[in-house]
Amino acid sequence: MEIFNTLTGRKERFCPRDPGRVGMYVCGPTTYNFIHLGNARALVVFDTIRRYFLHKGYRVLFIQNFTDVDDKIINRAREEGMDPHTLAAKYVDEYFVDADALNVRRADVHPKVSDHIPEIIALIEAIIGRGLAYEAGGDVYFAVRKFDGYGRLSRRSLDDLQAGARVEVGEQKKDPLDFALWKAAKPGEPWWESPWGRGRPGWHIECSAMAAKHLGTNFDVHGGGADLIFPHHENEIAQSEGATGMPFARYWIHNGFITIREEKMSKSLGNVFLVRELTRLYPPEALRLFLLSNHYRNPLDYDPEAMEAAVRAVNRLKTCLGLLREFLSGERSAAGETGRGENRLEAVLDELQGRFEAAMDDDFNTALAQAVLFDLTSEVNTCLHQNERRDRETLEKARDLFDAFNRVLGIFPEKNGRIALEAGALGGDLSQGLLELLIALRRDARRNKDFATADRIRDGLRELGITLEDTPQDVRWKISGR
RNA sequence: GGCGGCGUAGCCAAAUGGCUAAGGCGACGGUCUGCAAAACCGUUAUUCGGCGGUUCAAUUCCGCCCGCCGCCUCCA
């Protein structure tokens with residue numbers, strides 16, 4: 001298994017700190033708003049990486065924090081006339097609504113800054129103890145020039161950084177490159193008691209403290225969006241390695257941005273798409289498929305046409321899955337006797353599994369892995385529709401492979417590790433009964449060659465979002481659209 | 001200015017120093033169907049931004065150029 005490591009700028013063979021185990025820390029959202037598509041990409045990418053480690057048999061400890069103490073939260077709370085803590089708690093809840101929709105699994109631990117103030121203070125004291133930080137007027141700053149190797153992750157020299165560095169009003173840095181570990185409380189801001197007076201943590205320190213608490217030093221994977229490389233992750237390294245003298249994390253993984261019409265999605269450009277809006281427009285399966293449709297390090301351009309293509313692609317998968325289920329449940333012909341000729345599917349399943357793993361082993365190439373999923377779909381469709389020999393055992397193996405791929409890619413909701421497609425139930429027995437009545441009427445009309453009536457029923461139902469498909473045996477219906 | 005990335009068919013998007021350049025969407029033709037839908041079969045890049053170089057051989061390695069994007073400031 002090879003992973004591109006931002007720290008070295010190369011793909012490297014993955015070798016965990018402790019054999020058979022993986023410790024991962026991923027920077028989670030600052031909870032001051034609903035999450036947007038960019039957040040969603042990071043979530044889905046790292047959820048998929050985690051799932052793949054699990055697939056490979058590793059025991060994974062996955063930590064994703066919530067930054068619930070931050071300037072943005074304080075400002076937003078002030079605007080809304082809310083208490084910052086209440087506001088942050090609200091958006092933690094809203095985060096889970098969106099993450100669940102995208103089939104992102106819960107982390108093993110979701111630590112919050114507000115629950116780790118003692119750890120943060122202890123870490124700052126350790127850094128001061130090593131002579132790498134100083135107190136100034138109730139603030140504490142990290143002295144960047146005293147830490148050897150600053151800039152290694154982002155490949156920047158101190159001189160390059162010097163040019164862009166600035167000092168905000170009221171800051172008491174000795175050097176413009178220094179950054180705050182602790183900020184003295186201003187009136188009306190949340191605060192905690194500390195050796196430097198009342199205040200709150202700076203932006204970067206919480207991740208160092210929480211990662212150390214839950215994963216120790218030299219843990220395996222640290223991830224986040226590419227915009228976190230500098231300064232956030234660079235500063236985390238400086239703090240953590242400065243405090244302990246030990247390596248912080250072994251593999252640094254960063255996902256690329258979402259762009260909107262080739263431009264970065266950002267608040268200042270006003271082109272931010274919230275997951276909450278998008279899940280109203282598209283099935284979440286399509287959103288997840290889209291988010292994994294190119295390599296995680298490349299930019300991904302959001303575009304309604306691409307989303308429509310993803311919706312259709314998901315329907316293709318769903319149709320195949322539904323057909324497979326029908327055969328296996330015995331609803332459709334006795335699987336086992338039908339067909340003749342070669343059993344091609346049987347022969348090809350192992351190869352597909354091998355290709356899938358090879359794709360994911362190569363720096364989590366989900367685009368290629370998806371291609372294998374579609375190849376599996378084609379093979380199953382051919383087997384089921386053409387007059388090929390097929391048997392229950394092979395079809396079960398094919399279904400197991402679908403389930404295995406989905407346990408990694410997470411496109412469809414799961415139950416006990418298997419794909420769980422909602423049965424397409426209508427709201428209530430009345431609707432269900434009415435639909436069945438209409439289908440029966442249409443069947444009679446077709447028998448009487450009254451195709452005008454038959455088509456009127458089918459077209460009318462389509463308008464209502466129900467698609468009918470005539471098959472030799474019966475009529476199949478499904479809820480289309482969204 | 002410094003650092004990094006990208007440019008592959010109508011669109012999205014992988015891979016690869018030589019073997020048919022994946023897969024999805026779309027389009028076209030066919031099979032099936034009362035007609036559809038779904039599915040299947042076939043067609044849809046003699047070519048991988050441009051120009052040079054290395055090589056027996058380059059889309060793939062190197063150099064230059066053009067175009068696009070990101071980071072260097074809060075941001076996934």
- Message: Return whichever of A:Arg462 or A:Gln370 has its heavy-atom-nearest nucleotide of RNA chain B closer to the 5' end.
- Response: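 Whichever sits nearer the 5' end wins; that is A:Gln370.
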- Item | Toward the 5' end of RNA chain B, by each residue's nearest nucleotide, A:Pro29 or A:Ala452 |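 Going by which nucleotide is closer to the 5' end, it is A:Ala452.
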Selected nucleotide, minimal atom distance to [X] side chain, candidates [options]:
X	options	answer
A:Asn381	B:A76, B:C72, B:A39	B:A39
A:Ala313	B:G34, B:C25, B:C71	B:C25
A:Arg458	B:G24, B:A14, B:A36	B:A36
A:Ala367	B:G23, B:A14, B:A76	B:A14
A:Thr382	B:C41, B:A38, B:G34	B:C41
A:Arg446	B:C71, B:G34, B:A15	B:G34
A:Asn294	B:A14, B:A39, B:A76	B:A14

- Do the numbers put A:Lys264 on top of the ring of A:Phe257, so that NZ or CZ is under 6.0 Å from the six-membered ring centre and no more than 45° off the axis?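 Yes, A:Lys264 lies over the aromatic ring of A:Phe257.
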- Please confirm whether A:Arg106 makes a cation-pi placement over A:Phe96, using NZ or CZ under 6.0 Å from the six-membered ring centre and within 45° of the ring normal.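 Yes, a cation-pi geometry.
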Touch check for [X], heavy atoms < 4.0 angstrom, all strands: base, sugar-phosphate only, or nothing?
X	answer
A:Asp71	nothing
A:Phe257	base
A:Asn298	sugar-phosphate
A:Arg442	base
A:Asp375	sugar-phosphate
A:Lys72	sugar-phosphate
A:Gly225	sugar-phosphate
A:Ser378	sugar-phosphate
A:Gly28	nothing
A:Ala371	base
A:His295	sugar-phosphate

- Query: Got a salt bridge between A:Asp47 and A:Arg288, using NZ or NE/NH1/NH2 to carboxylate O under 4.0 Å?
  - Reply: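 Looking at A:Asp47 and A:Arg288, the cut-off is met.
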- N-O pairing of A:Asp363 and A:Arg297 below 4.0 Å: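 So A:Asp363 pairs with A:Arg297 through a salt bridge.
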Between the base of [N] and the side chain of [X], is one N or O donor paired with an acceptor at under 3.5 angstrom?
X	N	result
A:Asp227	B:G70	no
A:Arg297	B:G5	no
A:Asp470	B:C35	yes

- Using the C1' atom as the reference point in each nucleotide, state the distance between B:U54 and B:U60 in Å, no decimals.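 So the two C1' atoms sit 14 Å from each other.
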- Message: Could you tell me how far B:U8 sits from B:C40 if I compare only their P atoms? Round to whole Å.
- Response: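 It works out to 28 Å between them.
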- Query: Would a line drawn from the ring center of A:Tyr282 to the ring center of A:Phe290 be shorter than 6.0 Å?
  - Reply: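 When the ring centroids of A:Tyr282 and A:Phe290 are compared, they turn out to be at least 6.0 Å apart.
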- Message: For A:Asp459, I'd like to know if atom CG has over 12 heavy atoms of other residues, nucleotides or ligands within 6.0 Å.
- Response: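 Atom CG in A:Asp459 is packed in, count exceeds 12.
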- Please answer whether B:G23 and A:Phe374 are stacked, defined here as ring centres separated by less than 5.5 Å and planes angled under 30°.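 No, aromatic ring not over the base.
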